[in-house]
Number of protein chains: 2
Amino acid sequence: MPESEHSEIRKLPLFRDMSDENFEILMRGSYVQTFPPLVEIVSEGEPSDFLHIVLSGSVSLYATWNERETSMTTVRPVSTFIIAASIKDAPYLMSAETLEKSRIVLVPSQDVRTVFEQDPQFARAVVTELAENYRLLVKTTKNLKLRASLERLANYILRQQKRAGGANEFDLSIRKRRLASFLGMTPESLSRAFKNLRDHGVSSKGGRVTIFDQQALEEFAHPNPLIDD
Amino acid sequence: MPESEHSEIRKLPLFRDMSDENFEILMRGSYVQTFPPLVEIVSEGEPSDFLHIVLSGSVSLYATWNERETSMTTVRPVSTFIIAASIKDAPYLMSAETLEKSRIVLVPSQDVRTVFEQDPQFARAVVTELAENYRLLVKTTKNLKLRASLERLANYILRQQKRAGGANEFDLSIRKRRLASFLGMTPESLSRAFKNLRDHGVSSKGGRVTIFDQQALEEFAHPNPLIDD
DNA sequence: CGTAGTATTGAACAACATCAACAGCTGTGG
DNA sequence: CCACAGCTGTTGATGTTGTTCAATACTACG
(Lines give C-alpha, C1' and ligand atoms only; values in the text may rest on other atoms or scores of the structure.)
Protein backbone atom coordinates (compact mmCIF):
# COMPACT_ATOMS: atom_id res chain seq x y z
CA MET A 1 0.00 0.00 0.00
CA PRO A 2 1.36 3.45 -0.87
CA GLU A 3 2.69 5.35 2.13
CA SER A 4 0.54 8.33 1.24
CA GLU A 5 -2.58 6.46 2.28
CA HIS A 6 -1.11 5.56 5.66
CA SER A 7 -1.36 9.09 6.93
CA GLU A 8 -5.03 9.31 6.08
CA ILE A 9 -5.80 6.08 7.91
CA ARG A 10 -3.53 7.04 10.77
CA LYS A 11 -5.73 10.05 11.48
CA LEU A 12 -8.77 7.90 12.22
CA PRO A 13 -9.71 7.75 15.89
CA LEU A 14 -9.27 4.00 15.72
CA PHE A 15 -5.58 4.24 14.76
CA ARG A 16 -4.62 7.66 16.01
CA ASP A 17 -3.20 6.78 19.39
CA MET A 18 -1.45 3.48 18.82
CA SER A 19 2.31 3.02 18.53
CA ASP A 20 4.04 3.49 15.17
CA GLU A 21 5.33 0.00 15.44
CA ASN A 22 1.94 -1.63 15.84
CA PHE A 23 0.40 0.57 13.21
CA GLU A 24 3.02 -0.68 10.80
CA ILE A 25 2.20 -4.26 11.69
CA LEU A 26 -1.42 -3.58 10.75
CA MET A 27 -0.50 -1.84 7.52
CA ARG A 28 2.07 -4.42 6.47
CA GLY A 29 -0.53 -7.11 5.80
CA SER A 30 -3.13 -4.69 4.43
CA TYR A 31 -3.79 -3.72 0.89
CA VAL A 32 -5.87 -1.16 -0.91
CA GLN A 33 -8.29 -2.21 -3.58
CA THR A 34 -10.40 -0.14 -5.93
CA PHE A 35 -13.83 -1.56 -6.63
CA PRO A 36 -16.26 -0.58 -9.38
CA PRO A 37 -19.83 0.39 -8.43
CA LEU A 38 -22.27 -2.24 -7.21
CA VAL A 39 -19.76 -4.90 -6.32
CA GLU A 40 -20.42 -7.10 -3.33
CA ILE A 41 -17.27 -6.98 -1.25
CA VAL A 42 -18.55 -8.73 1.87
CA SER A 43 -21.17 -11.46 2.13
CA GLU A 44 -23.39 -12.20 5.08
CA GLY A 45 -22.48 -15.47 6.78
CA GLU A 46 -18.90 -15.65 5.57
CA PRO A 47 -15.95 -15.69 7.95
CA SER A 48 -14.72 -12.19 8.71
CA ASP A 49 -11.25 -12.21 7.22
CA PHE A 50 -10.81 -8.46 6.98
CA LEU A 51 -11.54 -5.25 8.72
CA HIS A 52 -12.52 -2.76 6.02
CA ILE A 53 -11.73 0.93 5.74
CA VAL A 54 -13.47 3.12 3.18
CA LEU A 55 -11.01 5.66 1.74
CA SER A 56 -13.22 7.03 -1.03
CA GLY A 57 -16.59 6.31 -2.60
CA SER A 58 -19.31 4.77 -0.43
CA VAL A 59 -20.45 1.37 0.72
CA SER A 60 -23.88 0.06 1.60
CA LEU A 61 -24.29 -2.40 4.43
CA TYR A 62 -27.39 -4.51 4.03
CA ALA A 63 -28.89 -7.75 5.25
CA THR A 64 -31.13 -10.40 3.77
CA TRP A 65 -33.55 -13.05 4.89
CA ASN A 66 -35.94 -15.22 3.01
CA GLU A 67 -35.66 -13.37 -0.31
CA ARG A 68 -36.03 -10.02 1.41
CA GLU A 69 -33.36 -7.39 1.74
CA THR A 70 -32.94 -4.32 3.87
CA SER A 71 -30.42 -1.51 3.90
CA MET A 72 -28.78 -1.18 7.30
CA THR A 73 -26.49 1.80 6.81
CA THR A 74 -24.21 3.58 4.37
CA VAL A 75 -20.50 3.91 5.13
CA ARG A 76 -18.65 6.99 3.88
CA PRO A 77 -14.98 7.99 3.92
CA VAL A 78 -13.02 7.82 6.02
CA SER A 79 -14.32 5.14 8.32
CA THR A 80 -14.24 1.45 9.11
CA PHE A 81 -16.86 -1.22 9.10
CA ILE A 82 -17.53 -4.67 10.53
CA ILE A 83 -15.11 -4.31 13.38
CA ALA A 84 -17.21 -6.43 15.75
CA ALA A 85 -17.01 -9.47 13.50
CA SER A 86 -13.25 -9.01 13.05
CA ILE A 87 -12.64 -8.84 16.76
CA LYS A 88 -14.89 -11.74 17.61
CA ASP A 89 -13.71 -13.83 14.66
CA ALA A 90 -17.36 -14.50 13.90
CA PRO A 91 -19.25 -14.55 10.58
CA TYR A 92 -20.37 -11.28 9.03
CA LEU A 93 -23.96 -10.43 9.92
CA MET A 94 -24.30 -7.99 7.03
CA SER A 95 -23.25 -7.85 3.42
CA ALA A 96 -21.49 -4.87 1.88
CA GLU A 97 -21.55 -3.52 -1.63
CA THR A 98 -20.01 -0.47 -3.24
CA LEU A 99 -22.49 2.20 -4.29
CA GLU A 100 -19.95 3.93 -6.49
CA LYS A 101 -16.34 3.38 -7.44
CA SER A 102 -14.58 3.03 -4.09
CA ARG A 103 -11.12 2.62 -2.66
CA ILE A 104 -11.11 0.26 0.29
CA VAL A 105 -8.38 -0.91 2.64
CA LEU A 106 -8.51 -4.52 3.74
CA VAL A 107 -6.80 -5.20 7.07
CA PRO A 108 -6.48 -8.89 7.93
CA SER A 109 -8.67 -9.65 10.96
CA GLN A 110 -5.93 -11.83 12.37
CA ASP A 111 -3.60 -8.83 12.52
CA VAL A 112 -6.32 -6.74 14.12
CA ARG A 113 -6.73 -9.31 16.86
CA THR A 114 -2.97 -9.68 17.35
CA VAL A 115 -2.32 -5.97 17.65
CA PHE A 116 -5.39 -5.62 19.78
CA GLU A 117 -3.77 -7.96 22.32
CA GLN A 118 -0.48 -6.07 22.30
CA ASP A 119 -1.44 -2.43 22.14
CA PRO A 120 -3.52 -1.03 24.99
CA GLN A 121 -4.06 2.24 23.14
CA PHE A 122 -5.46 0.39 20.18
CA ALA A 123 -7.60 -1.76 22.45
CA ARG A 124 -9.05 1.34 23.99
CA ALA A 125 -9.76 2.84 20.59
CA VAL A 126 -11.51 -0.34 19.53
CA VAL A 127 -13.71 -0.15 22.60
CA THR A 128 -14.60 3.44 21.91
CA GLU A 129 -15.45 2.61 18.32
CA LEU A 130 -17.55 -0.39 19.35
CA ALA A 131 -19.33 1.49 22.11
CA GLU A 132 -20.15 4.26 19.67
CA ASN A 133 -21.46 1.82 17.08
CA TYR A 134 -23.47 0.04 19.72
CA ARG A 135 -25.11 3.25 20.83
CA LEU A 136 -25.87 4.16 17.24
CA LEU A 137 -27.69 0.88 16.81
CA VAL A 138 -29.69 1.38 19.98
CA LYS A 139 -30.81 4.68 18.50
CA THR A 140 -31.68 2.98 15.23
CA THR A 141 -33.79 0.43 17.07
CA LYS A 142 -35.60 3.10 19.05
CA ASN A 143 -36.22 4.99 15.84
CA LEU A 144 -37.73 1.90 14.23
CA LYS A 145 -39.91 0.84 17.13
CA LEU A 146 -41.08 4.16 18.51
CA ARG A 147 -41.78 6.09 15.32
CA ALA A 148 -44.14 5.66 12.40
CA SER A 149 -42.63 5.82 8.93
CA LEU A 150 -43.60 9.44 8.31
CA GLU A 151 -41.94 10.43 11.56
CA ARG A 152 -38.82 8.50 10.65
CA LEU A 153 -38.61 10.33 7.34
CA ALA A 154 -39.15 13.71 8.99
CA ASN A 155 -36.34 13.07 11.43
CA TYR A 156 -34.10 11.69 8.72
CA ILE A 157 -34.54 14.92 6.80
CA LEU A 158 -33.62 16.97 9.85
CA ARG A 159 -30.50 14.89 10.40
CA GLN A 160 -29.55 15.14 6.77
CA GLN A 161 -30.03 18.89 6.92
CA LYS A 162 -27.53 19.06 9.76
CA ARG A 163 -25.06 16.84 7.94
CA ALA A 164 -25.35 19.04 4.86
CA GLY A 165 -24.47 22.17 6.80
CA GLY A 166 -27.83 23.40 8.05
CA ALA A 167 -29.15 25.21 4.97
CA ASN A 168 -32.84 24.84 4.26
CA GLU A 169 -32.15 23.30 0.87
CA PHE A 170 -29.88 20.30 0.36
CA ASP A 171 -29.38 16.97 -1.39
CA LEU A 172 -30.51 13.60 -0.12
CA SER A 173 -27.14 11.96 -0.83
CA ILE A 174 -28.67 8.53 -1.38
CA ARG A 175 -31.23 7.33 -3.90
CA LYS A 176 -34.79 7.22 -2.67
CA ARG A 177 -35.06 3.51 -3.28
CA ARG A 178 -32.26 2.88 -0.78
CA LEU A 179 -33.55 5.50 1.62
CA ALA A 180 -36.90 3.71 1.68
CA SER A 181 -35.22 0.44 2.57
CA PHE A 182 -33.06 2.16 5.18
CA LEU A 183 -36.14 3.68 6.78
CA GLY A 184 -37.97 0.37 6.70
CA MET A 185 -40.59 1.04 4.03
CA THR A 186 -41.30 0.48 0.35
CA PRO A 187 -40.31 3.00 -2.34
CA GLU A 188 -44.00 3.66 -3.00
CA SER A 189 -44.63 4.46 0.64
CA LEU A 190 -41.64 6.76 0.71
CA SER A 191 -42.93 8.63 -2.31
CA ARG A 192 -46.24 9.17 -0.56
CA ALA A 193 -44.51 10.06 2.68
CA PHE A 194 -42.70 12.89 0.89
CA LYS A 195 -46.01 14.21 -0.33
CA ASN A 196 -47.46 14.04 3.15
CA LEU A 197 -44.55 16.03 4.50
CA ARG A 198 -45.69 19.02 2.44
CA ASP A 199 -48.15 19.57 5.28
CA HIS A 200 -45.19 19.78 7.64
CA GLY A 201 -42.93 22.21 5.84
CA VAL A 202 -41.00 20.00 3.43
CA SER A 203 -40.98 19.89 -0.35
CA SER A 204 -38.81 17.77 -2.58
CA LYS A 205 -38.00 17.54 -6.23
CA GLY A 206 -35.81 14.71 -7.40
CA GLY A 207 -33.03 14.23 -4.88
CA ARG A 208 -33.27 17.81 -3.66
CA VAL A 209 -35.13 18.70 -0.46
CA THR A 210 -36.36 22.11 0.66
CA ILE A 211 -37.52 22.82 4.17
CA PHE A 212 -39.83 25.78 3.74
CA ASP A 213 -41.12 25.73 7.29
CA GLN A 214 -38.45 24.62 9.73
CA GLN A 215 -40.62 25.09 12.77
CA ALA A 216 -43.50 23.04 11.40
CA LEU A 217 -41.15 20.23 10.53
CA GLU A 218 -39.53 20.19 13.95
CA GLU A 219 -42.88 20.29 15.68
CA PHE A 220 -43.96 17.27 13.73
CA ALA A 221 -40.68 15.36 13.94
CA HIS A 222 -39.92 15.87 17.64
CA PRO A 223 -36.22 15.21 17.13
CA ASN A 224 -34.55 13.87 20.24
CA PRO A 225 -30.85 13.75 21.15
CA LEU A 226 -31.27 10.23 22.52
CA ILE A 227 -32.34 9.00 19.09
CA ASP A 228 -31.09 11.41 16.47
CA ASP A 229 -27.74 12.86 17.49
CA MET B 1 -20.55 -5.76 49.64
CA PRO B 2 -20.39 -9.26 51.17
CA GLU B 3 -17.42 -11.28 49.94
CA SER B 4 -19.75 -14.13 49.00
CA GLU B 5 -21.12 -12.14 46.10
CA HIS B 6 -17.66 -11.38 44.76
CA SER B 7 -17.12 -14.93 43.59
CA GLU B 8 -20.33 -14.95 41.60
CA ILE B 9 -19.42 -11.74 39.83
CA ARG B 10 -15.84 -12.84 39.39
CA LYS B 11 -17.07 -15.77 37.26
CA LEU B 12 -18.62 -13.49 34.66
CA PRO B 13 -16.69 -13.36 31.37
CA LEU B 14 -16.30 -9.64 31.89
CA PHE B 15 -14.38 -10.03 35.15
CA ARG B 16 -12.99 -13.54 34.89
CA ASP B 17 -9.56 -12.77 33.47
CA MET B 18 -8.56 -9.56 35.19
CA SER B 19 -6.05 -9.29 38.05
CA ASP B 20 -7.23 -9.78 41.63
CA GLU B 21 -5.93 -6.37 42.42
CA ASN B 22 -7.99 -4.58 39.79
CA PHE B 23 -11.03 -6.66 40.54
CA GLU B 24 -10.79 -5.48 44.12
CA ILE B 25 -10.58 -1.88 42.98
CA LEU B 26 -13.83 -2.36 41.11
CA MET B 27 -15.54 -4.06 44.01
CA ARG B 28 -14.31 -1.60 46.60
CA GLY B 29 -16.51 1.22 45.32
CA SER B 30 -19.43 -1.04 44.42
CA TYR B 31 -22.44 -1.91 46.45
CA VAL B 32 -25.33 -4.33 46.21
CA GLN B 33 -28.84 -3.10 46.43
CA THR B 34 -32.09 -5.03 46.57
CA PHE B 35 -34.95 -3.43 44.70
CA PRO B 36 -38.65 -4.24 44.93
CA PRO B 37 -40.55 -5.05 41.70
CA LEU B 38 -41.30 -2.31 39.18
CA VAL B 39 -38.77 0.21 40.38
CA GLU B 40 -37.03 2.38 37.84
CA ILE B 41 -33.35 2.07 38.58
CA VAL B 42 -31.97 3.80 35.49
CA SER B 43 -33.51 6.66 33.53
CA GLU B 44 -32.98 7.46 29.88
CA GLY B 45 -30.97 10.64 29.40
CA GLU B 46 -29.28 10.66 32.77
CA PRO B 47 -25.52 10.51 33.16
CA SER B 48 -24.29 6.94 33.42
CA ASP B 49 -22.88 6.81 36.91
CA PHE B 50 -22.91 3.05 37.31
CA LEU B 51 -22.37 -0.16 35.49
CA HIS B 52 -25.10 -2.54 36.66
CA ILE B 53 -24.90 -6.26 37.32
CA VAL B 54 -28.05 -8.30 37.87
CA LEU B 55 -27.44 -10.93 40.56
CA SER B 56 -31.00 -12.13 40.94
CA GLY B 57 -34.46 -11.22 39.70
CA SER B 58 -34.81 -9.58 36.28
CA VAL B 59 -34.64 -6.16 34.74
CA SER B 60 -36.40 -4.69 31.74
CA LEU B 61 -34.56 -2.25 29.50
CA TYR B 62 -36.94 0.02 27.64
CA ALA B 63 -37.00 3.29 25.80
CA THR B 64 -39.48 6.10 25.35
CA TRP B 65 -40.26 8.86 22.89
CA ASN B 66 -43.18 11.19 22.60
CA GLU B 67 -45.39 9.40 25.13
CA ARG B 68 -44.64 6.04 23.55
CA GLU B 69 -42.66 3.27 25.14
CA THR B 70 -41.01 0.12 23.86
CA SER B 71 -39.34 -2.80 25.53
CA MET B 72 -35.80 -3.31 24.27
CA THR B 73 -34.67 -6.39 26.16
CA THR B 74 -34.86 -8.24 29.46
CA VAL B 75 -31.71 -8.78 31.51
CA ARG B 76 -31.44 -11.90 33.63
CA PRO B 77 -28.85 -13.10 36.16
CA VAL B 78 -25.96 -13.07 36.06
CA SER B 79 -25.14 -10.37 33.57
CA THR B 80 -24.35 -6.73 33.17
CA PHE B 81 -26.08 -3.90 31.40
CA ILE B 82 -25.37 -0.46 30.01
CA ILE B 83 -21.68 -1.02 29.65
CA ALA B 84 -21.39 1.17 26.53
CA ALA B 85 -22.68 4.24 28.34
CA SER B 86 -20.36 3.59 31.29
CA ILE B 87 -17.32 3.30 29.08
CA LYS B 88 -18.17 6.32 26.96
CA ASP B 89 -19.30 8.39 29.92
CA ALA B 90 -22.39 9.25 27.92
CA PRO B 91 -26.06 9.48 28.94
CA TYR B 92 -28.12 6.31 29.19
CA LEU B 93 -30.08 5.62 26.01
CA MET B 94 -32.47 3.27 27.77
CA SER B 95 -34.27 3.14 31.08
CA ALA B 96 -34.25 0.10 33.33
CA GLU B 97 -36.83 -1.18 35.77
CA THR B 98 -37.01 -4.27 37.92
CA LEU B 99 -39.64 -6.79 36.86
CA GLU B 100 -39.46 -8.61 40.16
CA LYS B 101 -37.55 -8.21 43.39
CA SER B 102 -33.93 -8.02 42.25
CA ARG B 103 -30.45 -7.79 43.67
CA ILE B 104 -28.25 -5.50 41.65
CA VAL B 105 -24.62 -4.52 41.92
CA LEU B 106 -23.75 -0.93 41.13
CA VAL B 107 -20.17 -0.41 39.99
CA PRO B 108 -19.14 3.25 39.68
CA SER B 109 -18.54 4.06 36.01
CA GLN B 110 -15.50 6.07 36.97
CA ASP B 111 -13.88 2.95 38.44
CA VAL B 112 -14.79 0.97 35.35
CA ARG B 113 -13.02 3.51 33.16
CA THR B 114 -9.99 3.67 35.46
CA VAL B 115 -9.51 -0.08 35.61
CA PHE B 116 -10.22 -0.32 31.93
CA GLU B 117 -7.17 1.89 31.32
CA GLN B 118 -4.95 -0.17 33.59
CA ASP B 119 -5.93 -3.75 32.96
CA PRO B 120 -5.48 -5.11 29.43
CA GLN B 121 -7.34 -8.32 30.30
CA PHE B 122 -10.31 -6.35 31.46
CA ALA B 123 -10.13 -4.14 28.38
CA ARG B 124 -10.23 -7.21 26.20
CA ALA B 125 -13.20 -8.59 28.10
CA VAL B 126 -15.02 -5.29 27.70
CA VAL B 127 -14.43 -5.44 23.96
CA THR B 128 -15.75 -8.96 23.75
CA GLU B 129 -18.82 -8.00 25.73
CA LEU B 130 -19.43 -4.93 23.58
CA ALA B 131 -18.87 -6.77 20.32
CA GLU B 132 -21.31 -9.45 21.42
CA ASN B 133 -23.92 -6.89 22.41
CA TYR B 134 -23.41 -5.07 19.15
CA ARG B 135 -23.97 -8.21 17.16
CA LEU B 136 -27.08 -9.02 19.14
CA LEU B 137 -28.48 -5.65 18.27
CA VAL B 138 -27.70 -6.09 14.58
CA LYS B 139 -29.72 -9.29 14.77
CA THR B 140 -32.54 -7.48 16.51
CA THR B 141 -32.61 -4.87 13.78
CA LYS B 142 -32.63 -7.48 11.03
CA ASN B 143 -35.45 -9.26 12.83
CA LEU B 144 -37.48 -6.05 13.00
CA LYS B 145 -36.93 -4.95 9.43
CA LEU B 146 -36.98 -8.22 7.54
CA ARG B 147 -39.82 -10.03 9.27
CA ALA B 148 -43.52 -9.42 9.70
CA SER B 149 -44.86 -9.59 13.22
CA LEU B 150 -46.20 -13.12 12.90
CA GLU B 151 -42.80 -14.29 11.74
CA ARG B 152 -41.13 -12.51 14.61
CA LEU B 153 -43.39 -14.26 17.07
CA ALA B 154 -42.81 -17.65 15.44
CA ASN B 155 -39.06 -17.22 15.69
CA TYR B 156 -39.30 -15.91 19.21
CA ILE B 157 -41.14 -19.06 20.20
CA LEU B 158 -38.45 -21.23 18.64
CA ARG B 159 -35.74 -19.33 20.48
CA GLN B 160 -37.63 -19.57 23.73
CA GLN B 161 -38.07 -23.28 23.20
CA LYS B 162 -34.30 -23.66 22.93
CA ARG B 163 -33.71 -21.53 26.01
CA ALA B 164 -36.20 -23.64 27.94
CA GLY B 165 -34.40 -26.86 27.11
CA GLY B 166 -35.97 -27.93 23.84
CA ALA B 167 -39.17 -29.57 25.06
CA ASN B 168 -42.27 -28.98 22.98
CA GLU B 169 -44.07 -27.41 25.92
CA PHE B 170 -42.66 -24.54 27.94
CA ASP B 171 -43.33 -21.18 29.60
CA LEU B 172 -43.02 -17.80 27.98
CA SER B 173 -41.03 -16.34 30.89
CA ILE B 174 -42.33 -12.82 30.29
CA ARG B 175 -45.82 -11.43 30.32
CA LYS B 176 -47.52 -11.14 26.97
CA ARG B 177 -47.92 -7.41 27.29
CA ARG B 178 -44.16 -7.01 27.48
CA LEU B 179 -43.53 -9.59 24.81
CA ALA B 180 -45.77 -7.63 22.46
CA SER B 181 -43.78 -4.48 23.07
CA PHE B 182 -40.51 -6.36 22.69
CA LEU B 183 -41.66 -7.76 19.35
CA GLY B 184 -42.85 -4.35 18.20
CA MET B 185 -46.62 -4.79 18.28
CA THR B 186 -49.65 -4.13 20.44
CA PRO B 187 -50.98 -6.64 22.97
CA GLU B 188 -54.10 -7.06 20.84
CA SER B 189 -52.04 -7.90 17.78
CA LEU B 190 -49.99 -10.37 19.75
CA SER B 191 -53.14 -12.08 20.95
CA ARG B 192 -54.28 -12.46 17.36
CA ALA B 193 -50.85 -13.53 16.24
CA PHE B 194 -50.96 -16.40 18.72
CA LYS B 195 -54.26 -17.50 17.25
CA ASN B 196 -52.83 -17.35 13.75
CA LEU B 197 -49.92 -19.52 14.78
CA ARG B 198 -52.35 -22.38 15.39
CA ASP B 199 -52.12 -22.89 11.63
CA HIS B 200 -48.38 -23.32 12.02
CA GLY B 201 -48.18 -25.83 14.82
CA VAL B 202 -48.39 -23.68 17.95
CA SER B 203 -51.00 -23.48 20.65
CA SER B 204 -50.90 -21.43 23.81
CA LYS B 205 -52.86 -21.16 26.98
CA GLY B 206 -51.95 -18.43 29.40
CA GLY B 207 -48.18 -18.17 29.60
CA ARG B 208 -47.71 -21.75 28.45
CA VAL B 209 -46.86 -22.62 24.86
CA THR B 210 -47.15 -25.97 23.14
CA ILE B 211 -45.54 -26.70 19.81
CA PHE B 212 -47.66 -29.52 18.42
CA ASP B 213 -46.08 -29.49 14.99
CA GLN B 214 -42.41 -28.58 15.16
CA GLN B 215 -41.83 -29.02 11.45
CA ALA B 216 -44.72 -26.79 10.45
CA LEU B 217 -43.51 -24.08 12.80
CA GLU B 218 -39.96 -24.21 11.50
CA GLU B 219 -41.09 -24.15 7.91
CA PHE B 220 -43.08 -21.04 8.60
CA ALA B 221 -40.50 -19.32 10.80
CA HIS B 222 -37.38 -19.96 8.70
CA PRO B 223 -35.07 -19.49 11.67
CA ASN B 224 -31.63 -18.31 10.67
CA PRO B 225 -28.37 -18.40 12.64
CA LEU B 226 -27.51 -14.89 11.44
CA ILE B 227 -30.61 -13.54 13.15
CA ASP B 228 -31.69 -15.95 15.85
CA ASP B 229 -28.67 -17.62 17.44
C1' DC C 1 -64.91 -12.81 47.58
C1' DG C 2 -63.65 -8.29 45.23
C1' DT C 3 -60.35 -5.63 42.89
C1' DA C 4 -56.75 -4.57 39.69
C1' DG C 5 -54.09 -5.76 36.33
C1' DT C 6 -53.84 -8.81 32.06
C1' DA C 7 -55.54 -11.07 28.16
C1' DT C 8 -58.97 -11.83 24.61
C1' DT C 9 -62.44 -10.58 21.22
C1' DG C 10 -65.07 -7.70 17.95
C1' DA C 11 -65.78 -3.74 14.92
C1' DA C 12 -64.07 0.22 12.67
C1' DC C 13 -60.22 2.43 11.03
C1' DA C 14 -55.50 3.79 9.66
C1' DA C 15 -51.11 2.65 7.96
C1' DC C 16 -48.61 0.33 4.89
C1' DA C 17 -47.78 -3.08 1.09
C1' DT C 18 -48.73 -4.87 -3.41
C1' DC C 19 -49.70 -4.73 -8.16
C1' DA C 20 -49.95 -2.37 -12.34
C1' DA C 21 -49.42 1.50 -15.28
C1' DC C 22 -46.85 5.30 -16.60
C1' DA C 23 -43.66 9.36 -16.42
C1' DG C 24 -38.94 11.07 -16.23
C1' DC C 25 -34.15 10.69 -16.62
C1' DT C 26 -29.72 8.71 -18.33
C1' DG C 27 -26.74 6.45 -21.08
C1' DT C 28 -25.91 3.75 -25.34
C1' DG C 29 -25.64 2.43 -30.00
C1' DG C 30 -27.29 3.12 -34.55
C1' DC D 1 -28.49 13.48 -32.53
C1' DC D 2 -32.20 10.64 -31.96
C1' DA D 3 -34.51 6.32 -30.56
C1' DC D 4 -34.79 3.27 -27.32
C1' DA D 5 -33.74 0.44 -23.29
C1' DG D 6 -33.33 0.35 -18.53
C1' DC D 7 -33.83 2.17 -14.26
C1' DT D 8 -35.93 5.21 -10.69
C1' DG D 9 -39.62 7.37 -9.07
C1' DT D 10 -44.62 8.50 -9.06
C1' DT D 11 -49.52 7.60 -8.99
C1' DG D 12 -53.86 5.03 -8.58
C1' DA D 13 -56.59 1.03 -7.17
C1' DT D 14 -56.86 -2.53 -4.08
C1' DG D 15 -55.69 -5.73 -0.31
C1' DT D 16 -53.36 -6.83 3.87
C1' DT D 17 -51.60 -5.96 8.25
C1' DG D 18 -51.78 -3.89 12.31
C1' DT D 19 -53.88 -0.29 15.48
C1' DT D 20 -57.48 1.80 18.18
C1' DC D 21 -61.35 1.76 21.01
C1' DA D 22 -64.60 -0.55 23.67
C1' DA D 23 -66.53 -4.40 25.91
C1' DT D 24 -65.85 -8.67 28.22
C1' DA D 25 -63.36 -12.62 30.28
C1' DC D 26 -59.59 -14.26 32.98
C1' DT D 27 -56.13 -14.55 36.74
C1' DA D 28 -53.68 -13.53 40.72
C1' DC D 29 -53.68 -11.77 45.00
C1' DG D 30 -55.04 -9.28 49.05
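Lettering follows sequence order; numbering is per chain, from 1.
- Contact annotation: A:S189 side-chain N/O to C:dC16 OP1/OP2 distance is not under 4.0 Å.
- Here B:E151 pairs with A:R68 in a salt bridge; the nearest charged N to carboxylate O distance falls below 4.0 Å.
- Contact annotation: A:T186 side-chain N/O to C:dC16 OP1/OP2 distance is not under 4.0 Å.
- Here the C1' atom of nucleotide D:dG18 and the CZ atom of A:R147 are 21 Å apart, to the nearest Å.
- Side-chain to base pairing of B:E188 with D:dC21: one donor and one acceptor N or O lie within less than 3.5 Å of each other.
- Shown here for A:F170 and A:I157, the closest heavy-atom pair between the two residues is CZ-O, 3.6 Å.
- Judged by distance alone with a 3.5 Å cut-off, no donor-acceptor contact links the side chain of A:R192 to the base of D:dG9.
- Distance B:K176 NZ to D:dC26 C1': 11 Å, rounded to the nearest Å.
- The side chain to side chain donor-acceptor pair (under 3.5 Å) test with A:Y62 is passed by exactly one of A:R178, A:E40, A:E69, A:E44: A:E40.
- Atom CG of B:L150 and atom C1' of C:dC16 are 17 Å apart (whole Å).
- Considering every non-hydrogen atom in both A:A85 and A:S48, the closest pair reads O-OG, 3.0 Å.
- What separates CG of A:N196 from P of D:dT10 is a distance of 13 Å, to the nearest Å.
- Phosphate proximity of D:dT11 to A:K195: present, with a side-chain N or O under 4.0 Å from OP1 or OP2.
- In this structure, A:L190 atom CG and C:dA15 atom P are separated by 17 Å, rounded to whole Å.
- Rounded to whole Å, the distance from CE on B:M185 to P on D:dT20 is 14 Å.
- Checking B:R135, B:R163, B:K139, B:K162 one by one against B:D229, the salt bridge (Lys or Arg N to Asp or Glu O under 4.0 Å) holds for a single residue, B:K162.
- Atom CG of B:L38 is separated from atom P of D:dA28 by 17 Å (rounded to the nearest Å).
- The distance from atom CZ of A:R198 to atom P of D:dT10 is 12 Å, rounded to the nearest whole Å.
- The shortest distance between the side-chain N/O atoms of A:R175 and the OP1/OP2 oxygens of D:dT8 is not below 4.0 Å.
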